[in-house]
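All remarks here apply to the structure that follows.
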Amino acid sequence: MGSLSVSRRDVLKVSTLGAAALALPFERVARAKTASKIAENKIPRPYTLPFKVPPVIDGRGGGTITIAQKMQNAVILPGVQTPIFGYNGITPGPTILARRGTPLSVAVSNELPAKHPNWGYEAWTSVHLHGSASKPQFDGYASDITRVGQTKTYQFPNNQESRTLWYHDHGVHHTAENAYMGLAAMYLMSDELEDRLPIPKGSYDLPVVIADKMFAANGSLMYDDEGHSGLYGDVMLVNGQPWPNLKVAKRKYRFRILNASLSRGLRLQLSNSAPMTVIATDGGLMPKPQTTVQLRVGMAERYEVVIDFAQYAPGTKIQLRNLGVPNSRDFDNTDKVMQFEVTADAFDAANNAVADADGNLNPDNEIMKLDETTVPGIKTVKLDLHRSNSTWKVNNTTWDDIVKSNYQTVVANPQPDEVQIWEITNKSGGWFHPTHIHLVDFKILSRNGKPPFNYELGPKDVAYVGENETVRLITKFAHQTGRYMIHCHNLPHEDHDMMTQFRVGTDNADNDPITSAPAGPIGATGGVTVIPVVNTSTPATPTATPTAVPTPAATTATPAPAATTTTRRRR
Ligand code: C2O
Ligand code: CU
Ligand code: CU
C-alpha cells in the first residue's frame with residue numbers, strides 16, 4: 001500500500017466530486033483498490049519482509065504425530081496481532097515430512113474455541129490430506145467431524161509416488177472459514193526415485209504457500225465471500241508472510257507452489273519473463289520437465305517449479321508477479337507475490353539440474369501412461385457444475401442432498417482399479433471451478449477439445465475448469481474402496497454446496513467415512529479407535545532420522561455412535 005494507493009473512501013470521494021472519475025466505467029470506480037479496513041500504514045510494502053519457511057515435523061520414520069488445532073495470535077502484519085486457527089497454533093501449520101512405504105498416524109485434537117469469536121459458528125473440523133489415497137474414514141470426509149474437545153487419529157498410508165501434498169480443514173459447511181483462519185499446511189512425501197534425481201534438494205527446495213487475506217481495523221481477519229461467490233483478499237501471503245523477499249544464491253531452486261487461497265486463481269510470471277521449469281504437478285514428478293513463462297495455478301493446485309538464478313548478477317531483484325485470471329477480484333497489490341534477490345553467497349553446486357541425464361523425471365508414471373483406446377468398454381462419467389437458487393451444484397445435487405440420502409447417493413461407482421473417463425463441464429462464463437477428485441490422480445486429456453497446457457502434463461488431482469470449459473480426464477480408481485468426495489476448491493462454492501461423492505467398489509465395515517473411525521473425547525482412553533500402523537517396507541533414507549515422532553499412545557475402545565452429523569444444516 002504505497003502512497004499512490006487509493007482507499008475505498010477516496011474512490012467514493014472522487015466518484016462524486018471528480019470529473020476524472022466520470023471517464024472511468026462505473027464498475028472501475030466503485031471497485032476498491034484495497035479490501036482491508038486496517039490503517040494502510042499497518043500493511044507492509046511488498047518485498048520488505050523476509051521469506052519464511054514453516055517448521056518441519058519429520059514423520060519419515062512412521063509412528064504417530066500429535067497435532068493440536070488451536071486459536072492463537074499471529075503477527076502477520078508487523079506489530080499487529082491477528083487471531084488465527086492453526087495446526088499447533090501456527091499458519092501455515094508445520095510441514096510434515098513423510099516417506100513412501102512408511103505409513104504415518106497423525107492424532108489431531110480440536111482445541112479451538114467452541115464458537116468462532118467473530119463469526120459465531122462452531123469450529124468443528126475434519127482433516128483432509130489432499131493428494132493422499134487415504135481410506136475414506138481418514139480422508140477428511142466433510143461430515144466426519146471432530147467437534148471442539150474431540151480428537152481423531154488419522155492413518156496416512158503414504159503408498160503413492162513422492163509428491164507435494166497438503167493437509168487442510170474440510171469440516172462440513174465451514175471448510176472455507178476454517179482454512180481461511182489458517183488450518184492449512186504442507187506434507188511432503190519423498191521416495192527413492194526422487195532421491196536419485198539430481199533436482200534441487202534441502203535448503204534449495206522451498207515451500208511457497210500462497211494465500212490472500214484481508215484485515216479488519218483491529219487486525220483480525222475479515223471474511224466476506226460476497227454471497228458465497230468468492231473471497232478476495234488484498235494482502236498476498238507466502239508461507240504466512242506478506243509479499244516476502246527471498247535471498248537466493250546463483251543456482252537452481254525448487255519451489256513447491258501451492259495456491260492455498262479460498263477463491264483467488266493465480267497466473268504467475270517472473271518480472272523479467274524468464275521461463276520457469278515445471279517438474280511436478282499435484283500427483284508428483286512429471287514424466288519430463290516442461291518450461292513455461294506463465295503458470296496458471298487454481299486453488300489447491302500444486303506445481304513444483306525450478307527457477308535458475310545462475311545467470312544473474314548479485315543484487316538483481318526479480319519478482320514473482322500474479323497477472324490474474326478472469327473472475328478474480330484484483331486489488332492494488334494482488335499482482336505481486338514475492339521477490340527473489342540474487343546474492344553472491346557461496347552455495348552447494350550438487351543437485352542443480354531439472355531432470356536426469358536423459359531429460360526424464362518419472363517417465364513410468366502409471367496415470368500418465370493411461371490410454372483410453374486400450375481400455376475396452378471404458379465408461380465416461382459426466383459432471384456438470386452450475387449454480388441455481390444461489391446454491392452451487394454438481395449434476396444438480398448438493399452435499400445436503402448427499403446428507404439426506406444418509407450419505408449413500410453417488411455420481412459414479414467404479415470397481416477397484418477401473419479406469420474411467422470423466423468429463424467436467426462448466427457452462428458459465430462468470431465462474432471458474434478448480435475441481436478436485438479425492439483419492440485419485442488423473443491425467444488431463446483435453447480442455448474444450450484442445451490439449452492441456454504443457455505444465456499440466458503430469459499427474460493431477462485438481463483440474464482448473466475455466467469459464468465455458470469442458471475438461472476431459474482419465475483416471476484409475478486404485479488403492480482403496482469406499483466413498484470419496486468431489487468438489488470445487490473455491491471453498492465458499494464447496495461449502496454451499498458444490499460437493500458430491502463417488503464410491504469405489506462396495507461399502508464395508510472398514511471403509512465407512514463416518515462410522516469406521518469416529519472422533520472421541522480428548523484425553524479419554526476410550527472413544528478413539530486406532531488401527532495399528534503396519535510398516536509395509538523399510539525405507540533406506542540416509543537423512544531420515546525422525547526427530548519429533550512420539551510413540552503411538554495405546555488407545556482402543558468402542559467407537560462412539562456416528563454422532564449428530566445427519567442433523568446438521570447449513571447456516
Ligand atoms: Cu483440498 Cu476435498 O480438498
Ligand atoms: Cu483431496
Ligand atoms: Cu467453484
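Whatever order the structure lists ligands and atoms in, that order sets their numbers, starting from 1. These values consider heavy atoms only, across backbone and side chains, with no hydrogens, waters or symmetry-generated copies.
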To the nearest 10°, how many degrees is the angle C488 SG to the Cu ion (ligand 3) to H493 ND1?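 C488 SG and H493 ND1 form an angle of 130° at the Cu ion (ligand 3).
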
What do you reckon, are the aromatic ring centroids of [X] and [Y] less than 6.0 Å apart?
{"X": "Y303", "Y": "Y455", "result": "yes"}
{"X": "H170", "Y": "H438", "result": "yes"}
{"X": "H228", "Y": "W392", "result": "no"}
{"X": "F477", "Y": "F502", "result": "yes"}

I'd like to know if atom 2 (Cu) of ligand 1 has an N/O/S atom from H128 within less than 2.8 Å of it, counting both backbone and side-chain atoms.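 So H128 does not count as coordinating atom 2 (Cu) of ligand 1.
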
Any N/O/S atom, backbone or side chain, of H170 lying under 2.8 Å from atom 2 (Cu) of ligand 1?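 Checking H170: at least one N, O or S atom is under 2.8 Å.
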
Taking D234 for the side chain and S36 for the main chain, is one N or O donor matched with an acceptor at less than 3.5 Å?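 Yes: the side chain of D234 pairs with the backbone of S36.
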
Check H130 and report its N/O/S atom nearest to atom 1 (Cu) of ligand 1, by atom name.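 Checking each N, O and S atom of H130, the shortest distance to atom 1 (Cu) of ligand 1 belongs to ND1.
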
Check H489 and report its N/O/S atom nearest to atom 1 (Cu) of ligand 1, by atom name.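 Going through the N, O and S atoms of H489 one by one, NE2 ends up nearest to atom 1 (Cu) of ligand 1.
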
Checking one value in my table: which N/O/S atom of H487 lies closest to atom 2 (Cu) of ligand 1?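 Nearest N/O/S atom: NE2.
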
Using 2.8 Å as the threshold, say whether any N, O or S atom from H489 sits that close to the Cu ion (ligand 3).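 Looking at H489, which is the residue asked about, there is no N, O or S atom under 2.8 Å from the Cu ion (ligand 3).
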
Identify whether the distance between the nearest side-chain nitrogen and carboxylate oxygen of R472 and E372 falls below 4.0 Å.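 Between E372 and R472 there is a salt bridge, with a charged N closer than 4.0 Å to a carboxylate O.
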
Among T397, I402, T398, which residue meets the side-chain contact (heavy atoms from CB on, under 4.5 Å) test with D497?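 Running side-chain contact (heavy atoms from CB on, under 4.5 Å) over T397, I402, T398 with D497 returns exactly one hit, T398.
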
Is any N, O or S atom of H436 under 2.8 Å away from atom 1 (Cu) of ligand 1?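 It does not; every qualifying atom lies at 2.8 Å or beyond.
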
Only N/O/S atoms count here: what is the atom of H433 closest to the Cu ion (ligand 3) called?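 Among the N, O or S atoms of H433, the one closest to the Cu ion (ligand 3) is ND1.
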
